[in-house]
Asks: 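Starting off with a structure, shown below.
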Amino acid sequence: MSPASRPRLRPPLGLARAALSTLVLAMFVVASSAHAATPRVHAITNARIVTAPGQVIEHGTVVMRDGIIVAVGANIAVPADARIWKGDSLTIYAGLIDAFVLPAEVGGAGGASRGAGRRPGVTEPTEPSRGAAAALGVVRSEYRVIENASLSADQLSSLRGAGFTAAQLAPRQGILRGTSAVVGLGDGPLNGNTYKPDGAQVIALEPQVNGYPGSLMGAIAVIRQSLIDAKWYRDVNVAYAKAPSAERPETNLSWAALQPVIAGQQSALFVADEMLEVLRAAAIAKEAGVTAQIVGNGDEYKRVKAIAAAGIPLIVPVNFLEAPDVSNEDNALEVTTEELRQWQEAPGNPAALRRAGATFALSANGLKDVKAFRGSVGKAIARGLSESEALAAVTTTPARLLGLSDRLGTLAPGKVANLTI
């Protein structure tokens, strides 16, 4: 098929290579290249289909054409040109979405995830911004993760193995870190797997070990000043456009990159290390008048009423602590009361947020093994989160937070054929 003859919309996810009968959890993937295997029409029949949280078809069929769902229901006629997959004993969900994933960056720090879940003040110093950008190296708002980062094969495999079919990739360095990207987790390059090349502007309340700012107060000052500078930059350029004979303002790519945020066209995604930082991030967003979401650290239960009252959507990890080893007397003395509290209370954090009326998505961020995600969600369900609420937190809610509810999050005609089985 020539490039000119391809469909204009070619979603990244479709069908798996392995036999369905051998799969407990399957993500259906189709390559986005012009050489994708035919047929491109598939039907999964006689499966239990959860079209949306709380909406179940006990025995139904899903029909997909060119990576798009064209029909789903209990009495669906299978097209004559479809490849049929028997779905007996299988359950189909919309593909899971992780709204905060930290990939490796070109020239950046790889390895363990940073951001939510880190210890305060533990970070590598960032390089100064280059070119016509902010002089302070931790202000990297002009950075675009879509141009500089990708998932490693191991990270991609782990996410897919846990049932994720889409993710928001976030930059990991600096304070004003730059723009995230929302991508599908199909095979092939990002060219055919990108849903939103520019998602949110990621802002971390993170002091620096070597260099300024070395304190949380300094990090907050950098954030507030940068948002003020962006508004000044907007105003001075508007004035210059009206009077081009005046002195030309300097170009600053960092402040220019913040224009969609201060105009309300792009969300600020704050990364907080603990519940007090969640509240501080909410206060900064309110002061600056920007739309915001906050990546928490799983201890929001400590200030759950205040956090819910702030009204800002959260992305919450489920990297719950393992039971402390107290089998030895000496080891037992080293376990702090705070560690014991976190171990005891954190699995109930999602249910606490739900009872308080907060909007939240669940993330695998911070887990040593992403494939443990489902088990961790199971712990949250055991502590009061309903199955439908848990499913919403990894499908419909992140789809809405990412502005992709028209494409992702449910199984319906016209949606991308992202399936978790």
Side-chain angles (χ1 to χ4, degrees), residues 9 11-13 50-55 68-69 72 93-101 116 159 163-170 179-185 193-203 260-261 264-272 278 281-282 285 290-296 300 307-318 349-351 353-365 373 377 380 385-420:
L9 176 63
L13 298 170
V50 182
T51 57
Q55 301 178 23
I68 293 291
I69 297 172
V72 56
Y93 302 92
L96 309 188
I97 305 166
D98 194 325
F100 188 75
V101 173
L159 285 165
F164 291 105
T165 62
Q168 177 169 226
L169 307 186
T179 306
S180 67
V182 185
V183 303
L185 303 181
N193 282 296
T194 298
Y195 293 120
K196 293 182 75 171
D198 293 295
Q201 180 66 226
V202 181
I203 302 174
V261 175
Q265 300 165 352
Q266 184 182 52
S267 179
L269 179 61
F270 289 91
V271 181
V278 171
V290 301
T291 302
Q293 299 165 15
I294 303 174
V295 181
E300 291 75 26
I307 288 172
I312 295 181
L314 304 171
I315 299 169
V316 180
V318 291
N349 187 57
L353 287 168
R354 185 263 303 163
R355 289 192 297 269
T359 297
F360 63 92
L362 296 178
S363 170
N365 178 56
F373 177 76
V377 174
L385 189 68
S386 74
E387 292 184 5
S388 291
E389 290 163 344
L391 182 60
V394 289
T395 54
T396 52
T397 299
R400 185 172 71 253
L401 297 185
L402 299 175
L404 290 168
S405 292
D406 60 334
R407 304 281 185 89
L408 307 175
T410 60
L411 300 177
K415 296 291 185 75
V416 175
N418 282 0
L419 310 178
T420 300

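All values derive from a computational prediction rather than experimental measurement.
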Asks: When you measure from the side chain of Gln265 to the backbone N and O of Pro260, does any donor-acceptor pair fall under 3.5 Å?
Replies: no
Asks: Between Lys415 and Asp406, what is the shortest heavy-atom contact and its length?
Replies: CD-O, 3.3 Å
Asks: Could you tell me the separation between the CD1 atom of Ile312 and the OG atom of Ser267, rounded to the nearest 0.5 Å?
Replies: 9.0 Å
Asks: Using atom types as modelled and distance alone, determine if a side-chain donor or acceptor of Gln293 lies under 3.5 Å from a backbone N or O of Phe270.
Replies: no
Asks: Please give me the minimum heavy-atom distance between Ala417 and Ile69, naming the atom from each residue.
Replies: CA-CG1, 3.9 Å
Asks: Is there side-chain contact between Pro53 and Thr396, with at least one heavy-atom pair below 4.5 Å?
Replies: yes
Asks: Which residue, Leu96, Leu419, Thr420, forms the side-chain contact (heavy atoms from CB on, under 4.5 Å) with Thr165?
Replies: Thr420
Asks: Looking at Ala170 and Val202, what are the two nearest heavy atoms and their distance?
Replies: CB-CG2, 4.1 Å
Asks: Would you give the length of the straight line joining atom OG1 of Thr397 to atom CD of Glu389, rounded to the nearest 0.5 angstrom?
Replies: 10.0 Å
Asks: Can you tell me how far CD1 of Ile307 sits from CZ of Phe360, rounded to the nearest 0.5 angstrom?
Replies: 12.5 Å
Asks: Looking at every heavy atom in both Leu314 and Leu401, which two are closest together, and how far apart are they?
Replies: O-CD1, 4.2 Å
Asks: Is there a side-chain contact between Leu269 and Ile315 (heavy atoms, below 4.5 Å)?
Replies: yes
Asks: As a quick check of understanding, evaluate side-chain contact (heavy atoms from CB on, under 4.5 Å) for Leu391 and Tyr93, giving each step before the final call.
Replies: CA-CA 9 Å; Leu391 182 60; Tyr93 302 92; 3.8 Å; yes
Asks: Roughly how far apart are Thr179 OG1 and Lys196 NZ, rounded to 0.5 Å?
Replies: 11.0 Å
Asks: Might you point out which heavy atoms bring Leu411 and Val72 nearest each other, and give the distance in Å?
Replies: O-CG1, 3.8 Å
Asks: Please report the shortest heavy-atom distance between Ala181 and Pro197, naming the atom on each side.
Replies: CB-O, 3.6 Å
Asks: Quick check for you: to the nearest 0.5 Å, what is the distance between Leu185 atom CG and Leu159 atom CG?
Replies: 5.5 Å
Asks: Within this structure, what is the CD-CG distance for the pair Gln168 and Asp98, rounded to the nearest 0.5 Å?
Replies: 9.5 Å
Asks: With a 4.5 Å cut-off on side-chain heavy atoms, are Thr51 and Thr410 touching?
Replies: no
Asks: With side chains defined as the heavy atoms from C-beta onward, is the minimum distance between Val394 and Phe373 less than 4.5 Å?
Replies: yes
Asks: Taking C-beta and beyond as the side chain, do Val101 and Phe164 meet within less than 4.5 Å on heavy atoms?
Replies: no
